[in-house]
Every structure is written in C-alpha cells, then in structure tokens.
Amino acid sequence: MSVVTRFAPSPTGFLHIGGARTALFNWLFTRHHGGRFHLRIEDTDRARSTEAAIAAIFEGMRWLGLDWDGEVLFQFARAARHAEVARRLLAEGKAYYCYCSPAELEAMREQAKAEGRSMRYNGYWRDRDPGEAPSGVRPVIRFKAPQSGETVIRDLVQGAVTVANEQLDDLIILRADGTPTYNLSVVVDDHDMGITHVIRGDDHLTNTFRQTQIYRAMGWDVPHFSHIPLIHGADGAKLSKRHGALGIEAYRAMGYLPEALRNYLLRLGWSHGDDEVIGTAQAIAWFDLDNVGRSPSRFDFAKLEHLNGLYIRQSGDEALVAAMLPFLEEKTGRPLTERERTGLLIAMPSLKERAKTLIELADKAGFVVAARPLAYDAAAAKQLAGEAVAALDAVRRRLAEVAPWNAATTEAAVRAFAEASGLKLGKLAQPLRAALTGQAVSPPIFDVLAALGREETLARLDDALTRS
RNA sequence: GUCCCCAUCGUCUAGUGGCCCAGGACGGCGCCCUCUCACGGCGCAAACAGGGGUUCGACUCCCCUUGGGGACGCCA
C-alpha cells in the first residue's frame, strides 16, 4: 500500500515550532516510503483564519525545505461536501437534530462537572420526537455516538489506547449555521484525500476516538494514526509565546540554518541509536514511526545552537557569505563594498569556526566592515598602551614590504620580526589585533590581515599609531 | 474534577530480563593545543521518581503512589 500523508495546520497563527516538527515527521515518513505528502489549510474558522498566517505557513515550509505534493487544499472550500456527509448521517439515523441553546448546554456542563462526569451533553434530543422541537430555533446536527462498549485506537506511536464509550458525548458535526465542525471536516477530508497515515500532535488523541466513530459510522477505512508528543518549553510547561513557541520565521531571524533546525527537531522525540548529526538524506533513509518516543520533550536552545554551529562549519564559504549578508547589512545600514565582500570570503574559513548562528557570524565579521578610524573597546585600548606602540610601528614597516599579501606571507614577516627582536608572537599579535579590529578578540590575526588587505591594514595601523 | 498519555544524568536520548554498579550528545567543570577567541583532543561530575510484586535475575514485565502533560467548545 502506498503512503499518503498530510500536514493540516489551521491558519490562525504562525507556523510554530511544534507544527514544524509535525510537518517534518510527516514529510520524512512520506519521503521514506515514497508516498505523497499533502498540505491542507484548515481554515474553517472564518473569524480567526488570516491571509498572513497562510502566507507564513507557506513561507515556513519552504524555508524548512518541506515540499508538498499537488495543490494545497483549503478546507473551507469543501464545506458543502462536509455538510453532505452530515446529512447522510442524519438520513441514516446516525445523527440527529439538537435544539439545545448555548445556555442549556452551559448548564449541562456545569452539572456534569459537579457530578464528576466527563460526559457533557446529556443526549436530551437524541431520542426525542422532532415534533417537540421549539419553533424558531435552528438546530445543530449531533453525531449519535455509541453509548456502551469501548473505542480502541491502534496508534503507531502510542500503542493501543482505549476509552469507554460512556465517556464520549454526542458531538456536534454541523453547526446551526450549517457549517461543519472540525472533527467532521477532518474525517471527511482525510477520507476523500485517501490519507493512509495521520501523524499529528498528541493533543489530538482524544479527538481520534470520536473521529474513529465517524469513520465507522460512514463505513470508511480508518487510517493509521500516530500521535507524537508535544514539545514543551525549557521549564516543562506547554510551549507558549514566552518560550519557544515562536513562529518558524523567528528562528530564521535568530540566524539558524534550516538544515540545523531540521536535524534538531528530528532528534526531539525520535532517535536512531546514538546518532546525533543526521543530514536530510540520511534522515529520509532512517526515519520511521517505531522510533518515535512517547514522552514530551523540552526545547533546548543550547543544543540547537551547537548543531547550528556544526552546520555552519560544514557550509561552503560563498553560501555562508550570502546567508550572512542580510544580517551584516542590517548592522552597517548600507550595502557592502567589493573590498569588504572579498574580505569576508577570505575570512570565512576562520570566521565560521567561531559562530553558532548567522547573527554571531555577522558579529564576528564586523571588523571587516568597520569604518575608520576604529573605535577601540577597553581591552583593545589597553593593548595599545605603552611599549606596544613602538613594536607596532616596527611591524608596520615590515608589513609594508610584504608581497604578495596573504595570511602566510604576512605571518612569515611578523614571525621573522618577532624572532629577530626576541619577542613572543603574542606580544605583537595582540596589539595588532587591537589596532586592526578594535577588540582583543578576533579570528587568527593573519587571517584578519588577509581579509583586510594591505591598504586597509596599513591604514588602520596608521590610525592607531597617530592616535597614541 | 473526569478521561487519556507519559516518567533513565540539568536537557535530548540509547537501553525491549542477564552484555548496564546504565552508553552517547548538549550544557557544566578541568587539562592539552594556541597570537586572542573558537575549533579540536583528553578527562571529571551528573540519571534508572518512590513503594510493592513477578522472576534464579529487573532500567527493562505487572500493580499502586507521586510527579508531569494533554483533552474535556456550535476552536482547530
């Protein structure tokens, strides 16, 4: 049997991290089995669905590299089909009109709560003669759920989960205004789309009981369910705006690479022995549902950062310069010059070893685009005080004669001078670093020289010498 | 409150009755490398929630307790 899956977010907010992982698992599972992966926008809540949210979902999926098959399905467009199914259930006596008012329902809930029952709706209209219907009230259609026995879900992740049918009340499938509710729409769409595997957050587990009952009532095949545990914040509480429940675009803005985020999300709740660094091709080859864990996990930025640093180091220099550019130009507030771009490329091999995010990368690359004369921070100013100046002056004269100009030639020149004057390299490297970057910390000093080029290097040295 | 689910180092996890006085990774700490910072290498501290069973033998199976989570909408 070929596999058909879907990711079905509701466009009422942005694509958050939990949703992204659900999408990733669906995508991985489908690609692993060579099936079809669909995207369905559950926009039946007209009041809360927004175009912006839909755009954010598309954008987030694309950025993460999760491509879907075929056209995007908008659930609201299928409302007539959903209503048709509701009416069929009604015609077959598997559903009924309910005329209870919201106030009456509220009272029933209160009573159920007081009695310690979970069954909310008391089935008032279930077997009542429609002739008793109050006039002027538009009824909802309720599903006639089985009242005894039990409903069992065979979940590929959670195992067999059973609930007594007495626990479940007759849910509304069609609202008074004739629009379908979630549990009906999902079942109809999943069936019509030929979905074979439903992989979603385990907050849907209890919905699954009712959905299963609808499938059975319609005589439809029940798909395989996999309810994956939710992702929690660092404090163990449900992910909210306070923690990591940011839109996926926020992670992009924080300078994370999509491949790193994919790897991180994959390892949250899924494992393959002791493997930690798993590229996408490998993930597709390995991913399956039996290694998905059942307990919720906490989102850990430190580990994401570590992974991101790993992927940054593995990335090509040119790609990194391109990826970092927006972050850097945001700092400079101007487009970079040719000399600066070239410098960045030259410095990238040593730069990328020092950054865990693109923001950090842009930060460390700051010396390349800094405007003369440089501002020295306290540690740098300290390096440029006292006898360092004389040494710097001598080094400047040696450097002026270096050709061609690169890390190896400049290093040879400075080392030779250090040896001749009996100085440790550090005694020269630190003042140089301060004069050229304005800081006491930077990539290896000769990489800095190479990245700046002869002209800029000598000019910055002159700045330092004339200032002291 | 009711129902459902979960429970190994701080965090993510390996472990499917003996290979485990529990392994890996992140984070922490220390050392090495070294022109600073990183990277890298080496090492250290750190967990089977508690209590009962079952068994020759439990991290692994069962029960209870405790703790955590989720669901209880004419939202999705």
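In what follows, chains are A, B, ... by sequence order, proteins preceding strands, each numbered from 1. Predicted, not measured: the structure shown is a model, and the values here were computed from it.
Using a 4.0 Å heavy-atom cutoff across all strands shown, A:Gly269 reaches sugar-phosphate atoms only and no base atom. Residue-level contact check: A:Ser271 touches the backbone only, with heavy atoms under 4.0 Å from sugar-phosphate atoms and none from bases. Within the 4.0 angstrom heavy-atom criterion, base atoms lie near A:Glu353. Counting any heavy atom pair closer than 4.0 Å across all strands shown, A:Arg294 reaches sugar-phosphate atoms only and no base atom. Within 4.0 Å (heavy atoms only), A:His204 reaches at least one base atom of the nucleic acid. Residue-level contact check: A:Val140 touches the bases, meaning some heavy atom is under 4.0 Å from a base atom. Residue A:Thr44 is classed as a sugar-phosphate contact, given heavy-atom separations below 4.0 Å to backbone atoms only. As judged by a 4.0 angstrom heavy-atom cut-off over every strand, A:Leu425 is placed among the base-contacting residues. A:Arg48 comes within contact range of at least one nucleobase, with a heavy-atom separation under 4.0 Å. If you check every strand for non-hydrogen atoms under 4.0 Å, A:Asp43 touches nothing. Among the protein residues, A:Pro443 comes within range of the nucleic acid bases, having at least one heavy atom under 4.0 Å from a base atom.
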All N/O contacts under 3.5 Å from nucleotides 59-62 of chain B to the protein, with atom names and distances to one decimal?
none

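For A:Thr22, the side chain to side chain contact (heavy atoms under 4.5 Å, CB included) test picks out A:Phe7, A:Asn26, A:Ile228, with sequence neighbours left out. With sequence neighbours excluded, no residue forms a ring-ring contact (aromatic ring centres under 6.0 Å, His included) with A:Phe446. When the side chain to side chain contact (heavy atoms under 4.5 Å, CB included) test is applied to A:Glu106, the partners found at least two apart in sequence or on another chain are A:Arg109, A:Glu110.
Nucleotide B:G67 has B:C6 as its partner under the Watson-Crick or G-U criteria, with both atom distances under 3.5 Å. In this structure, B:A76 forms no base pair with any nucleotide, since neither Watson-Crick nor G-U wobble geometry is met with both distances under 3.5 Å. Of the nucleotides present, none pairs with B:C33 by Watson-Crick or G-U wobble criteria with both distances under 3.5 Å. Remark: B:U11 base-pairs with B:A25. Criterion, Watson-Crick or G-U wobble with two distances under 3.5 Å.
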What donor-acceptor contacts under 3.5 angstrom involve side-chain atoms of residues 423-430 of chain A, with partners at least two apart or in another chain?
unit_1	atom_1	unit_2	atom_2	d
A:Gln430	OE1	A:Arg433	NH1	2.5
A:Gln430	NE2	A:Ala440	O	3.4

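Heavy atoms from other residues, nucleotides or ligands lying under 6.0 Å from NZ of A:Lys331 number more than 12.
In this structure, A:Phe25 has its ring center closer than 6.0 angstrom to the ring center of A:Phe287.
At the phosphate of B:A76, neither OP1 nor OP2 sits under 4.0 Å from any side-chain N or O atom of A:Thr181. Distances shorter than 4.0 Å separate some side-chain N or O of A:Arg313 from OP1 or OP2 on B:G40.
Nearest-nucleotide mapping onto RNA chain B: of A:Thr179 and A:Ile445, the residue sitting toward the 5' end is A:Ile445. With RNA chain B read from its 5' end, the first of the two nearest nucleotides for A:Tyr264 and A:Thr162 is the one closest to A:Thr162.
Interface remark: the A:Arg354 side chain does form a donor-acceptor pair with the B:C37 base, using a distance-only criterion of under 3.5 Å.
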Reading 5' to 3' through nucleotides 20-28 of chain B, protein heavy-atom contacts under 4.0 Å coded B for base, S for sugar-phosphate only, - for none:
---BBBS--

